[in-house]
Number of protein chains: 2
Amino acid sequence: MTMTPRSSHSPNSRAGGRPGRRTGISEATVARLPVYLRVLTSLAESGVSTVSSEVLANAAGVGPAKLRKDLSHLGSYGTRGVGYDVEFLVYQISRALGLTQHYSVVIVGVGNLGQALAGYAGFGTRGFRVVGLLDADRARVGSLIAGIEVRHSDELETIISEHDVSIGVIATPAGAAQDVCDRLVGAGVTSVLNFAPVVLSVPDDVDVRKVDLSIELQILAFHEQRKSLVEQEAVG
Amino acid sequence: MTMTPRSSHSPNSRAGGRPGRRTGISEATVARLPVYLRVLTSLAESGVSTVSSEVLANAAGVGPAKLRKDLSHLGSYGTRGVGYDVEFLVYQISRALGLTQHYSVVIVGVGNLGQALAGYAGFGTRGFRVVGLLDADRARVGSLIAGIEVRHSDELETIISEHDVSIGVIATPAGAAQDVCDRLVGAGVTSVLNFAPVVLSVPDDVDVRKVDLSIELQILAFHEQRKSLVEQEAVG
DNA sequence: ACGCGCTTGTGAAGATGTGCACAAAACGGT
DNA sequence: ACCGTTTTGTGCACATCTTCACAAGCGCGT
Ligand SMILES: NC(=O)c1ccc[n+]([C@@H]2O[C@H](COP(=O)([O-])OP(=O)(O)OC[C@H]3O[C@@H](n4cnc5c(N)ncnc54)[C@H](O)[C@@H]3O)[C@@H](O)[C@H]2O)c1
Ligand SMILES: NC(=O)c1ccc[n+]([C@@H]2O[C@H](COP(=O)([O-])OP(=O)(O)OC[C@H]3O[C@@H](n4cnc5c(N)ncnc54)[C@H](O)[C@@H]3O)[C@@H](O)[C@H]2O)c1
C-alpha cells in the first residue's frame, strides 16, 4: 500500500504561535516568564525585596543578559545600579502573561493521569480553576476527585458554555483525543493542553500545547547515546 | 532585605543541550524526530509501506520542507519521485535517537503523578524499562504498582548501580527535587526528567528536561489574553 | 556637588532555525 | 530509449533567538 497526499484534518495548524504578531513579546520569552515568576514569588516569600539580574538569572537557570532582555520587553522596570523590585516584577510579569484574569479549565479523561492532574494543587497557582472533570466511562461518573464531581463527557458542551471555559486539558487515550479536541473547540475552547500522544489538528485561532512523556524520554535517549559515543571515543 | 549574588548550586548548568557539539543533528530536529517516529510507526501498522514528505509532514504537524531537512540530517534515505520507505525510516530514526539501545529508568516519588507514570504503558514504547519505584514514605513502600514493588528511597544508590540506570524521573514535591536530583546524579544517573516545579542544578554532563504543567498553562493564558485583546480592538 | 561603583537596558554580532524554490534523481508509460 | 511526472535534497534568504559588550543611569559616600 502507498499513501497519497491527504491532510489529516485541516492542513495542520499550529495556531497562534506565530510570534511578533501583535505584542512585542517573543515566544521564547513567554516560555521563560513563568519560570521567572515562580522564582520571584519564592523570593518574595523569603522576604527578599530586591534582586539583580545576575541572581534572578542564576535561580532561573538562564544567563543574565537573556533575562534582562526578556524583562526589557515588558518595559523598563529595573533600577540601574540596584536591580529589580521583586513584588513589582511579580505584578508586571503576571500582567504580561494575562494572569490577572481568571481562566476556567476542564479536564477530559479522568484516568490515572487525569486524576493526578485534577488533584494537582499547583494548578490554581494563580488564575486557573478546574470547573469540570469529564469522562466517557459511566463507572467513573459521579465520583468525587479533589472535591469535584466527575461528569459524563456528554455534558462537555453544556459545562463549557455554562462556565465560559477557555482552556481544555485532554487526558484521554490517544484514540479519543482528536474527537475530544474537536468537541472542545466546537464548544468554544480556544486553548488546549494535550497529554495524549497524538498531533492534534485545530483551527488557526486555537492554541495547542502538548506534554509528551515519551518524546521527552527519547530526547534524553538521544543525548545518552551521544555521551556514550563520546566516551567510547575518548577510550579508543 | 536585599539579595547579593550567589549561585544556587553550581552556576546553573543546563547541560548537554549545547547543539552541534558532535552529531550533525540539531536540537530542534531531535525534538521532532520522536513525532515522526510515532507517525511512521502508526503508518507501518496500517500497512503503509511508503510515504511522501508531504503526507508525513501533515501527519506530524510540520511543513514538508522542514521535514525533509530534518530527515536529510540522518542521511539520504528517501527516493526521489517516490518518498520514504516507512519501515526503513522507522529504523533509521530509532537508531539516530539511540533507541536501539535499552535504558533503565527509576521513578522517584510515587504519589499521584508517580503512580500514573509508573502505569504508563507508552513508557516502554521502545527501549525504556522502569526498574525502580522509590518513595520516602514508608507507608507506600512494599506496595505493588503496575507490577513493580515500591522501594524506599534509601535504596536509590543500590538500585541505580545494580541496574545501571541512566535516566531518573523526579515526581516528588518541589522541596525534595534538588536533593533527589543530587542523589541521582551522585549515583551515576546522567539524564533527568523533572516534573517538580523547580529549576534543577546539575553538572554539565547531565541532561535535564522538565515537564511543567503550570508553565504550559501560563503560556496558554498569555495567548488567551492576546486573543481577547485583539478581539476587543476589532470591536472598538 | 561630584565622582565612583554597580547594574540595567540595548545595539550589534553571531548562532540557530525556518521556508522557498529549484535542480537532480527516480519511476512509469510509451 | 526517452519524456513527463513526481518528489527528494539543499542552497539561499529570511526570521528568530542568544550572547557580548558597553554606554547610560542610579545611589551612596564624601
Ligand atoms: N499515565 C501517564 O503517566 C501518562 C503519561 C503521559 C501521557 N499519558 C497519556 O495521557 C492519556 C491518559 O493516560 P492515562 O494513564 O490516564 O489513561 P487511562 O486509561 O487511565 O485514562 C483514560 C481515561 O479517559 C477516559 N476516556 C476515554 N475516552 C474518552 C472520551 N472520548 N471522552 C472522555 N473520556 C474518555 C477513559 O474512560 C479513562 O478514564 C493517554 O493518552 C496517555 O497516553 C499518560
Ligand atoms: N499531580 C500532577 O498532576 C502534577 C502535575 C505537574 C507537576 N506535578 C508535580 O509533580 C510532583 C509530584 O506530584 P504529586 O501530585 O504526585 O504529589 P504527591 O504528594 O502525590 O506525591 C509525592 C510523592 O513523593 C514522595 N516523596 C516526598 N519526598 C521524597 C523524597 N525525598 N524521596 C522520595 N520520595 C519522596 C512522597 O512520599 C509522595 O509519595 C510535585 O512536584 C508536583 O508539583 C504534579
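The shown structure was predicted, so the numbers you read here are calculated from the model rather than taken from an experiment. Labels below follow one simple rule: chain letters A, B, ... track the order of the sequence lines, proteins then strands, and each chain is numbered from 1.
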Trainee: Please state how far atom CG in A:L89 lies from atom C1' in C:dT7, giving the value in whole angstrom units.
Mentor: 14 Å
Trainee: Listed in order of residue number, which residues of residues 67-74 of chain B have a non-hydrogen atom at under 4.0 Å from DNA chain C?
Mentor: B:R68, B:K69
Trainee: Encode nucleotides 25-30 of chain C as B, S and - characters from 5' to 3', where the letter depends on protein heavy atoms closer than 4.0 Å: B to the base, S only to sugar-phosphate, - to neither.
Mentor: BSS---
Trainee: Residues two or more places apart in sequence or in another chain: which of them pass side chain to side chain donor-acceptor pair (under 3.5 Å) with B:Y91?
Mentor: none
Trainee: Could you work out, with side chain to side chain contact (heavy atoms under 4.5 Å, CB included) as the rule, every residue matching B:P173, not counting sequence neighbours?
Mentor: none
Trainee: Please round to the nearest 0.5 Å and tell me the distance separating atom CG of B:L67 and atom NZ of B:K69.
Mentor: 12.5 Å
Trainee: Holding to salt bridge (charged side-chain N to carboxylate O under 4.0 Å, His left out), I want the full list of residues that pass it with A:D212, two or more places apart in sequence or in another chain.
Mentor: B:R38
Trainee: With heavy atoms under 4.0 Å as the rule, sort B:A65 into base, sugar-phosphate or nothing.
Mentor: base
Trainee: Measure OH/B:Y77 against C1'/D:dT10 and give the value in whole Å, please.
Mentor: 17 Å
Trainee: State whether B:S26 places a side-chain N or O below 4.0 Å from either non-bridging phosphate oxygen (OP1 or OP2) of C:dG17.
Mentor: yes
Trainee: Drop me the distance from B:I93's CD1 to B:Y36's OH, to the nearest 0.5 angstrom.
Mentor: 8.5 Å
Trainee: What are the two closest heavy atoms between B:K227 and A:V206, and how far apart are they?
Mentor: NZ-CA, 4.2 Å
Trainee: Output yes when at least one side-chain N/O atom of B:Y84 is less than 4.0 Å from OP1 or OP2 of D:dG9, else no.
Mentor: yes
Trainee: Measure CD/B:E27 against C1'/D:dT18 and give the value in whole Å, please.
Mentor: 15 Å
Trainee: If you look only at distance, which donor and acceptor atoms sit under 3.5 Å apart when one is on a side chain in residues 183-199 of chain B and the other is two or more places apart or in another chain?
Mentor:
residue, atom, partner, partner atom, Å
B:R183, NE, B:E157, OE2, 3.0
B:R183, NH2, B:S153, O, 2.9
B:R183, NH2, B:E157, OE1, 2.9
B:T190, OG1, A:E224, OE1, 3.0
B:T190, OG1, A:E224, OE2, 2.5
B:S191, OG, A:E224, OE2, 2.6
B:N194, OD1, B:A196, N, 2.9
B:N194, ND2, B:A196, O, 3.1
B:N194, ND2, B:V198, O, 3.2

Trainee: Using atom NZ of B:K66 as one end and atom P of D:dT8 as the other, report the distance to the nearest whole Å.
Mentor: 17 Å
Trainee: Is any side-chain heavy atom of B:Y84 less than 4.5 Å from a side-chain heavy atom of B:R68?
Mentor: yes
Trainee: Just how far, in rounded Å, is C1' of C:dT8 from CZ of A:F88?
Mentor: 15 Å
Trainee: Would you give the length of the straight line joining atom CG of A:L97 to atom CZ of B:R226, rounded to the nearest 0.5 angstrom?
Mentor: 13.0 Å
Trainee: Nearest-Å distance, CG (A:L56) to C1' (C:dT7)?
Mentor: 13 Å
